[in-house]
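Below is one structure, written out as structure tokens; the observations come after it.
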Amino acid sequence: QVQLVESGGGSVQSGGSLRLSCAFSKYSSKYCMGWFRQVTGQEGEGVATMDGAGTTRYAEDVKGRFTISRDIASNSVYLQMNSLKPEDTAMYYCVVKTTALFCLAASLDQHDYPYWGQGTQVTVSS
């Protein structure tokens, strides 16, 4: 079992920035991890992921604006979000797939990640 706790959400105006943080109770650089978001009543959407080798993957509509990073020493993963748009408004969730072997090619499919945090709300006003 892994517990994940997100923080850093909030309300900003269009064009602003936020940095989301996620702390893991158990962490390994082998894991695939990432950030998903969901608007009530809609399907969850993969935003950014990182595999054990540090290779990242982004949804098309956030490329160039969002950056995922990790800090192994502090058992944390981050999502830097710049140039925010109203359509980025959603609940953002930190996710992880724990693996015995090295996890490669982190997908943007929510079904690949068994562990989710409680979510942090991001609201972008125009």
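Quick caveat: nothing in here was measured; it's all calculated off a predicted structure. Residue numbers run from 1 in the order of the sequence given.
- Distance check: T123 OG1 to Q13 CD gives 12.5 Å after rounding to the nearest 0.5 Å.
- Of all heavy-atom pairs spanning M50 and T56, the tightest one is CE-CG2, 3.6 Å.
- Distance check, rounded to the nearest 0.5 Å: NZ of K26 to CD of Q1 gives 8.5 Å.
- By the 4.5 Å heavy-atom criterion applied to side chains, S21 and S76 are not counted as neighbours.
- For the pair L20 and M81, the minimum side-chain heavy-atom distance is below 4.5 Å.
- Counting only distance, with no hydrogens or angles, the side chain of Y113 and the backbone of T98 share no donor-acceptor pair below 3.5 Å.
- Summarising the geometry of T89 relative to V124, their closest heavy-atom pair is OG1-N, 2.8 Å, with the distance given to 0.1 Å.
- Under the 3.5 Å distance criterion, the side-chain polar atoms of D51 are left unmatched by any main-chain donor or acceptor of L104.
- Closest of all the heavy-atom pairs between A53 and F102 is N-CE2, 3.4 Å.
- Note: N75 CG to S28 OG = 10.0 Å, rounded to the nearest 0.5 Å.
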As a quick check of understanding, evaluate side-chain hydrogen bond (donor to acceptor under 3.5 Å, both in side chains) for S17 and N82, giving each step before the final call. CA-CA 4 Å; S17 297; N82 299 327; 2.9 Å; yes

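- For D88 and R65, the salt-bridge test passes: some basic side-chain N is under 4.0 Å from an acidic carboxylate O.
- Taking CZ from R57 and CG from L108, the interatomic distance works out to 6.0 Å, rounded to the nearest 0.5 Å.
- By the 4.5 Å heavy-atom criterion applied to side chains, W35 and V62 are not counted as neighbours.
- Between the side chain of K85 and the backbone N or O of G15, no donor-acceptor pair lies under 3.5 Å.
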Residues 42-49 side chain polar contacts: donor-acceptor under 3.5 Å, at least two apart:
| residue | atom | partner | partner atom | Å |
| --- | --- | --- | --- | --- |
| E45 | OE1 | R37 | NE | 2.7 |
| E45 | OE1 | R37 | NH2 | 3.2 |
| T49 | OG1 | A106 | O | 3.1 |

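- Between the E6 side chain and the C94 main chain, a donor and an acceptor come within less than 3.5 Å of each other.
- Put simply, CD on Q80 and CG on L18 are 8.5 Å apart, with the number rounded to the nearest 0.5 Å.
- R19 contributes atom CZ, which lies 9.5 Å from atom OG of S7 (distance to the nearest 0.5 angstrom).
- Cluster annotation: V12 and Y78 are assigned to distinct hydrophobic clusters (Ile/Leu/Val/Met/Phe/Trp/Tyr, side-chain heavy-atom contacts under 4.5 Å, transitive).
- Scanning all heavy atoms of the two residues, the minimum distance from S29 to I72 falls at CB-CD1, 3.6 Å.
- When the side chains of ILVMFWY residues are joined at heavy-atom separations under 4.5 Å, either directly or via intervening members, L4 and V95 end up in two distinct hydrophobic clusters.
- In plain terms, the two heavy atoms of G9 and V122 that are nearest each other are CA-CG2, 4.2 Å.
- Each of Y93, Y92, W116 was compared with F36 under the ring pair (Phe, Tyr, Trp, His ring centres under 6.0 Å) criterion, and only W116 meets it.
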